[in-house]
Amino acid sequence: MTFSPQLEARFAELLTHYPEGRQRGALIPMLMYAQDEIGAVTQELMEELAKRLGITTLQVDEVTGYYSMLHKKPQGRYHLQVCTNVACMLRGGAELYDHACKKLNLGHKQTAADGKFSLEEVECIGACSWAPAIQVNYDFHHEVTTGKLDEILEGLK
Amino acid sequence: MSNLVKLTINDTPVEAPAGSLLIDAAKTAGIEIPAFCYYEGMSLQAACRMCLVEIEKAPKLMAACVVPVAEGMVVRTESEAVVKARKTTLEFLLTNHPLDCPVCDKGGECELQDMVFKYGAGESRFTEVKHHVPEKQWSPVVFYDGPRCILCYRCVRVCNEGMGVGALGVVNRGVVSEIAPSHGDHLECDECGSCIDICPVGALTSGAYRYKTRPWEMEHTGTICTHCSDGCKTTLGTRNGEIVRGNNRDRSGVNGEFLCVKGRYAFDFNHHPERLQAPLLRVDGKLEEVSWSRALQVLVEKFKAVRDAKGNVGVIGSTRTSNEEAFLLQKFARTVFGTNNIDHHRSGDVATLLDALSGKTGALGTSADCYTSKAVLIIGADLSQQHPFLANQIRANVRHHKTPVYVVTPGAVREDKTAKKAVRAGEDWLAAVENLKGSLAGEKELLVVFGDAVKGEGLRKLVALGDSLGIPVKYIALVDYANSRGAMDMGLLPDLGPGYHAVEGKAGLTLPQMLAATDLDLVWVVGANPLKKASLASSKAFVVVQDLFRTETAERADLVLPAASAYEKNGTVTNTCGEVQRLKKAADTVGAKTDLAIIGLIARGLGVNLGKVDADNVFAEIQKTVRGYNVPLPVIVTGGAAQTQPVNGRVPSNVLPDLIRSAGDTLFTTGTLTKYSKVLNEVMEGPGGLYR
Ligand code: SF4
Ligand code: SF4
Ligand code: SF4
Ligand code: FES
Ligand code: FES
């Protein structure tokens with residue numbers, strides 16, 4: 001599998017951050033940068049990174065499946081992730097998610113026909129202190145209300 | 001030893017070595033802290049929260065499986081908060097878990113069931129619909145039922161760390177996380193079943209056992225695996241006389257709970273439909289079933305005639321029958337027929353090793369040494385394929401003690417990955433070992449485990465090299481099958497009697513010489529298949545075969561006697577390290593008799609007195625007369641392993657290195673028995689077969 005020279009350079013630089021024999025530590029950033037370039041974490045990508053880091057494809061799969069920022073399929077231009085885990089749920093996360101479903105006319109892990117939005121209900125994204133939290137691509141939004149959600153969505157072109 | 005730390009658990013003063021985990025300290029003090037994910041010998045996981053305890057001054061409940069003991073620590077394991085936390089943990093674990101224990105394969109021996117019974121809440125607050133996914137089959141052996149999984153990671157760790165295979169992982173997150181196999185929808189692995197065995201619930205089940213019985217309907221018999229020569233204890237579960245399960249959950253025997261695919265599942269040959277159940281006599285050129293009395297009558301007449309005419313006899317013994325049977329067979333041949341034409345398939349040069357070590361003590365390695373030795377050298381053996389248990393011991397040694405392992409093999413082996421040095425060498429292994437001399441001499445001690453390439457003069461040179469290192473060195477000569485070692489020790493050899501004493505009179509014919517001889521009048525084959533790829537030159541020979549199946553050799557026989565398998569008899573076997581262990585009868589095949597009983601019946605027919613022919617009595621004679629076998633009986637009788645003493649004297653053998661050749665079995669083969677094990681054939685056609 002080939003990547004752009006820029007990505008290769010980034011990988012090479014990344015690997016120097018980890019001590020000899022612990023290069024597997026670079027897996028998460030490698031997956032993220034590669035996903036940005038390719039659009040998704042494909043099977044081919046998982047196999048390639050496994051080979052490069054000397055781990056099994058299954059181990060790459062474990063990491064990919066765990067993190068909600070990694071996707072095996074391409075997402076919409078704006079990927080909306082609404083947390084409904086305990087802290088957010090107690091502060092209205094579930095209602096927020098329902099609202100997003102209606103507003104975007106999408107369900108869990110669905111992408112709009114025009115490719116603009118995709119939606120996903122996620123487990124804790126580590127922003128519990130400011131629950132309920134949502135994530136649009138790599139940007140976090142805290143203490144989101146239905147009104148605030150509408151504003152955020154309208155602001156996205 | 002390490003310093004002791006004083007702490008208090010449930011108002012009881014407890015002392016524990018510094019650095020030990022709270023859960024272990026409690027256990028030694030007789031206090032049980034319930035746990036799912038914690039597993040002795042595996043890495044810590046702290047995934048299940050079942051072990052939460054209250055520690056004074058700690059802000060919240062702590063997981064006892066990862067908290068080390070500290071001086072003055074005050075711990076409560078049954079306080080109100082702890083009891084409540086456990087109930088809640090169990091309530092959570094049951095959120096999506098099916099409550100159909102009556103039809104679950106694990107019912108009756110499920111840790112979750114037991115925990116809920118002991119600590120659980122009788123009610124659940126969850127009213128939501130349970131998340132369900134269908135069951136999956138990953139290999140002929142391994143099935144996974146996701147909803148039952150409590151995500152304790154035991155299976156993942158035993159496969160990664162224990163087996164060194166790494167075929168299981170956890171994918172996804174939260175309520176949809178589940179265990180996944182190495183190859184998308186299926187497994188390519190050792191098929192050892194360790195993951196199934198270690199699973200606390202009914203999430204992983206085995207194709208061999210599932211839905212055959214309720215666990216409490218089985219009887220359990222701890223005996224020794226009849227496949228490779230490592231001597232694992234396998235506890236066979238039988239139902240209505242049929243073996244339905246093999247495992248070793250009670251950790252008895254040298255192997256603890258380890259078993260490979262053969263010890264755990266390949267007991268199925270025992271009930272193969274082609275098992276012989278009546279003697280076969282050649283009548284008009286064809287083998288026909290006859291009664292035992294007719295068979296014995298023919299046999300005794302024949303034996304009498306050959307004995308009285310001083311005819312030429314060849315005797316070929318087994319690498320799987322018991323010590324008692326091997327001993328009695330050679331005694332019969334030597335005393336009744338006065339012949340030394342006795343041999344078996346030789347797979348390791350134990351005779352030369354014992355000779356080269358003559359005068360040394362403590363130079364024979366045990367299976368326990370594989371785990372404790374401070375350095376290991378493997379020469380010419382693919383241990384993970386051919387000696388799965390010893391390989392497992394060495395892996396655990398590396399994992400727990402960071403022991404340096406040196407590998408000298410012709411091809412890549414699993415041990416390479418964790419080896420300090422891995423060198424490729426075949427016939428030139430000695431030169432490769434000499435190159436390692438500098439590093440080896442720097443170790444504190446060394447255990448050398450070697451395969452069939454190391455024999456004769458080469459082996460003597462190896463021992464000389466070991467002597468020159470200036471450190472304690474022990475050796476294990478690898479052999480093929482469950483009693484390959486015992487066969488040699490018992491004197492199934494043409495030039496050596498029991499205990500490696502020179503035979504009286506002239507040395508007899510070797511196995512190939514017997515096959516090539518044209519003047520043999522009688523050939524008696526007990527539990528071997530020498531004609532698998534060879535033929536018998538003596539066309540006039542009357543051939544008697546005792547076996548479980550109609551083998552290639554049986555096809556040439558004039559009389560075939562149905563023999564009992566190792567799982568159908570009492571007696572002892574000796575593993576590749578020289579450890580003697582007891583076989584215990586677990587099952588029966590109608591019509592078959594043990595080789596010991598058969599030899600006894602023949603002797604009676606001939607009017608020969610071989611002493612009382614029962615396993616205990618013959619073993620008593622072995623203890624008295626076979627060098628090295630004066631082992632403590634209580635150890636063996638209670639299911640333990642007793643290492644034979646070194647012979648410690650010269651072994652007057654003219655070893656013929658060419659005769660020593662391992663059959664080269666893999667993880668999924670076991671000589672003649674391979675053909676009759678359904679499970680081994682399935683995994684070979686399926687995923688397992690791809691795995692070299
Ligand atoms: S059966 Fe396969 S997946 Fe399970 S522990 Fe053994 S090698 Fe690993
Ligand atoms: S399959 Fe069994 S051993 Fe593996 S994580 Fe699930 S419950 Fe634990
Ligand atoms: S390692 Fe050998 S003795 Fe142990 S279970 Fe496997 S075949 Fe049997
Ligand atoms: S529970 Fe929503 S961010 Fe942690
Ligand atoms: S046993 Fe301690 S968290 Fe599982």
Side-chain angles (χ1 to χ4, degrees), chain A residues 20-24 27-28 31 40-51 53-73 81-90 93-94 97-98 107-110 120-128 133 135, chain B residues 43 45 47 49 88 91-92 95-96 125-126 128 131 133 136 138-139 142 144 146 149 151 153 155-161 163-190 195 402 412 414 416-420 687 690-691:
Chain A
E20 190 51 42
R22 307 262 180 100
Q23 259 79 20
R24 59 160 72 183
L27 179 61
I28 295 173
L31 279 167
V41 180
T42 58
Q43 181 69 20
E44 198 190 2
L45 173 63
M46 292 200 286
E47 282 164 16
E48 176 69 21
L49 295 188
K51 206 162 65 203
L53 297 173
I55 55 181
T56 63
T57 309
L58 179 57
Q59 284 170 314
V60 180
D61 202 1
E62 289 183 292
V63 170
T64 306
Y66 184 84
Y67 289 102
S68 48
M69 77 251 184
L70 298 172
H71 310 287
K72 288 191 183 171
K73 296 218 175 67
Q81 296 180 316
V82 183
C83 174
T84 56
N85 211 306
V86 181
C88 293
M89 180 191 71
L90 292 174
Y97 175 66
D98 286 342
H108 179 53
K109 288 202 173 175
Q110 287 182 351
E120 186 176 1
E121 177 183 7
V122 291
E123 306 291 345
C124 182
I125 51 177
C128 322
Q135 208 186 332
Chain B
S43 63
Q45 193 74 45
R49 320 317 286 175
T88 317
E91 192 181 344
F92 264 120
T95 320
N96 288 305
R125 282 163 284 178
F126 291 102
E128 288 78 1
H131 174 74
V133 284
K136 296 168 191 147
W138 288 339
S139 83
V142 188
Y144 177 68
C149 175
L151 292 167
Y153 292 68
C155 55
V156 177
R157 285 174 288 159
V158 79
C159 190
N160 275 335
E161 303 166 18
M163 299 307 298
V165 173
L168 297 175
V170 180
V171 294
N172 304 329
R173 186 172 165 199
V175 76
V176 289
S177 48
E178 58 179 6
I179 304 299
S182 56
H183 286 67
D185 61 349
H186 71 276
L187 272 171
E188 283 174 26
C189 70
D190 279 12
C195 50
K402 301 202 165 50
R414 188 179 302 165
D416 289 350
K417 247 193 302 188
T418 47
K420 182 165 172 190
L690 302 172
Y691 180 96

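Convention: sequence-line order gives letters A, B, ...; per-chain numbering from 1. Being a predicted model, the structure only gives us computed values, none of them experimental.
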Margin query: Just verifying a value: how many Å separate B/Asn160 CG and A/Thr56 OG1, rounded to the nearest 0.5 Å?
Written below: 7.5 Å
Notebook entry, point to check: How many angstroms lie between CG in B/Asn172 and CG in A/Asp61, if you round to the nearest 0.5 Å?
Noted result: 8.0 Å
Check: Heavy-atom count around B/Arg173 CZ within 6.0 Å, excluding the residue itself: above 12?
Finding: yes
Notebook entry, point to check: Is the number of heavy atoms from other residues, nucleotides or ligands under 6.0 Å of A/Lys109 NZ greater than 12?
Noted result: no
Check: Does anything in residues 120-128 of chain A get under 4.5 Å of chain B by heavy atoms, and if so which residues?
Finding: A/Glu123, A/Cys124
Item checked: B/His131: ring-ring contact (aromatic ring centres under 6.0 Å, His included) partners, not counting sequence neighbours -> none
Next item on the list: Compare every heavy atom of A/Glu62 with every heavy atom of B/Val170, then report the nearest pair and how far apart it is.
Entry: N-OE2, 2.6 Å
